[in-house]
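Every chain is numbered from 1 and lettered A, B, ... according to where its sequence line falls, protein lines coming before strand lines.
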Protein chains: 2
Amino acid sequence: MNGMEVVKKEKYYTDNQERMAKLAKALSNPVRVYILDFLANNLDRCCYSGDMVDDLPIARSTLSEHLKELKKAGLIQGEINPPYIKYCINQANWDEAKVLFGSFFNR
Amino acid sequence: MNGMEVVKKEKYYTDNQERMAKLAKALSNPVRVYILDFLANNLDRCCYSGDMVDDLPIARSTLSEHLKELKKAGLIQGEINPPYIKYCINQANWDEAKVLFGSFFNR
DNA sequence: TCTTTGTTTCGTAAATTTACGAAATGAATG
DNA sequence: CATTCATTTCGTAAATTTACGAAACAAAGA
């Protein structure tokens, strides 16, 4: 096996449970909820990171890290449009999250 | 004002945004999602902490801390029934969370 | 080519989270 | 009253998160 070891790892959580936890972690900070609210309410117009930074009590670099977190979770995507980056909701993953949380709370 | 100082604190996030973030933080760990899944699927029968600990790769004390987190967020409640504690979903807050997440994702 | 501009990455510090085992708790039982 | 039982709290260590300013980047304009 080319020097790789086979490790049997027991699975304790379902894929849905792990996906829920990851999405929830992305939503677990008010700055990130604010960002998602902002983007979801402004789907039609531009959503540059600079549009948000003036309304928030955090540094640009900190905002950038929060955007990175949301990108990592798949909830947003950035379309490069130099020197700006236009952020948008990632609709496919947003819908997936909607279904996941929907069926979690509604049973 | 009895020695207390008045501090004007600017508010950057709506109450809903802060409540969302708090609820999401409670959901941001797979153990806690597992617990909620377990309780929500077993509303009719007993839900002692011991019922879950054998299925999870964590110590009893760690499970207890996760239960405390969920209680703090209001998503569960514990009915003492010595020497057991029967945990249940807190239906009112569960429904509030359902509405919050529902209107967040569905707009 | 040197700035400017909007943004990200890096280095780092402080706070929070997660985890464990040991000790404590509180009610029932011998 | 000492023991048992399920559970929580405490003390603590390791990992992760959040934040900042400085530096780096990449494209456009002077």
Side-chain angles (χ1 to χ4, degrees), chain A residues 9-10 12-13 17-18 20-36 38-39 42 45-88, chain B residues 9-10 12-13 17-18 20-36 38-39 42 45-88:
Chain A
K9 201 176 142 204
E10 199 165 341
Y12 290 99
Y13 316 106
Q17 283 166 348
E18 292 192 336
M20 276 283 296
K22 283 226 159 61
L23 286 167
K25 176 167 285 181
L27 292 167
S28 73
N29 179 294
V31 177
R32 295 198 289 268
V33 176
Y34 176 98
I35 293 169
L36 290 174
F38 185 94
L39 293 180
N42 293 283
R45 56 186 189 80
C46 296
C47 318
Y48 306 118
S49 123
D51 291 345
M52 287 176 279
V53 80
D54 296 329
D55 305 331
L56 291 172
I58 56 172
R60 281 169 193 281
S61 58
T62 305
L63 175 58
S64 180
E65 311 262 22
H66 282 302
L67 290 166
K68 189 161 68 175
E69 277 301 297
L70 290 172
K71 245 184 293 180
K72 203 183 75 186
L75 288 169
I76 67 172
Q77 64 200 93
E79 178 190 316
I80 293 167
N81 199 351
Y84 300 95
I85 295 180
K86 181 175 161 186
Y87 284 103
C88 302
Chain B
K9 203 177 140 203
E10 199 166 343
Y12 291 98
Y13 315 106
Q17 283 166 349
E18 292 192 336
M20 275 283 295
K22 283 226 161 61
L23 286 167
K25 176 167 284 182
L27 292 168
S28 72
N29 179 295
V31 176
R32 295 198 289 269
V33 176
Y34 176 98
I35 293 169
L36 291 174
F38 185 93
L39 293 179
N42 295 283
R45 56 186 189 79
C46 299
C47 317
Y48 306 118
S49 122
D51 292 345
M52 285 176 281
V53 79
D54 296 327
D55 304 331
L56 291 171
I58 56 173
R60 280 168 193 280
S61 57
T62 305
L63 175 58
S64 180
E65 311 264 22
H66 283 302
L67 290 166
K68 187 161 70 176
E69 277 302 297
L70 290 172
K71 245 185 292 183
K72 203 184 77 189
L75 288 170
I76 67 172
Q77 64 200 95
E79 177 190 316
I80 293 166
N81 198 350
Y84 301 95
I85 296 180
K86 180 175 158 187
Y87 284 103
C88 302

Using whole Å, report how far [atom1] of [X] lies from [atom2] of [N].
{"X": "A:Ile76", "N": "C:dT7", "atom1": "CD1", "atom2": "P", "answer": "12 Å"}
{"X": "A:Leu70", "N": "C:dT8", "atom1": "CG", "atom2": "P", "answer": "12 Å"}
{"X": "A:Gln77", "N": "C:dT7", "atom1": "CD", "atom2": "C1'", "answer": "18 Å"}
{"X": "B:Asp51", "N": "D:dC5", "atom1": "CG", "atom2": "P", "answer": "17 Å"}
{"X": "B:Ile85", "N": "C:dT25", "atom1": "CD1", "atom2": "P", "answer": "15 Å"}
{"X": "B:Arg60", "N": "C:dA24", "atom1": "CZ", "atom2": "P", "answer": "19 Å"}
{"X": "B:Lys72", "N": "C:dT18", "atom1": "NZ", "atom2": "C1'", "answer": "13 Å"}
{"X": "B:Leu27", "N": "C:dT17", "atom1": "CG", "atom2": "C1'", "answer": "16 Å"}

Flag the pair [X] / [Y] as yes when at least one side-chain heavy-atom distance between them is below 4.5 Å, and no otherwise.
{"X": "B:Tyr13", "Y": "A:Val33", "answer": "no"}
{"X": "B:Asp55", "Y": "B:Tyr34", "answer": "yes"}
{"X": "A:Leu70", "Y": "A:Tyr87", "answer": "no"}

Check: Using a heavy-atom distance cut-off of less than 4.0 Å, which residues of residues 61-69 of chain A contact DNA chain D?
Finding: A:Ser61, A:Thr62, A:Glu65, A:His66
Notebook entry, point to check: If you take all heavy atoms of B:Gln17 and B:Tyr12, which pair is closest and at what distance?
Noted result: OE1-O, 4.4 Å
Next item on the list: Over all heavy atoms of both residues, which pair between A:Gly78 and A:Ile85 is shortest? Give the atoms and the distance, please.
Entry: CA-CG2, 4.0 Å
Check: Residues two or more places apart in sequence or in another chain: which of them pass salt bridge (charged side-chain N to carboxylate O under 4.0 Å, His left out) with B:Lys68?
Finding: B:Glu65
Notebook entry, point to check: Across the strands shown, which category fits A:Pro30 at heavy-atom distances under 4.0 angstrom: base, sugar-phosphate, nothing?
Noted result: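 No contact.
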Note to self: Does D:dT16 have OP1 or OP2 under 4.0 Å away from a side-chain N or O of A:Lys25?
What the structure shows: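 For A:Lys25, the contact criterion (side-chain N or O under 4.0 Å from OP1 or OP2 of D:dT16) is not met.
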Next item on the list: Indicate whether OP1 or OP2 belonging to D:dT18 is found under 4.0 Å from a side-chain N or O atom of A:Asn29.
Entry: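 For A:Asn29, the contact criterion (side-chain N or O under 4.0 Å from OP1 or OP2 of D:dT18) is met.
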Note to self: If you only use heavy atoms from C-beta on, which nucleotide in C:dC20, C:dT8, D:dT16 is closest to the side chain of A:Lys71?
What the structure shows: C:dT8
Notebook entry, point to check: For B:His66, does its backbone N or O pair with a side-chain atom of B:Arg32 as donor and acceptor, under 3.5 Å?
Noted result: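 Here the side-chain-to-backbone pair does not exist.
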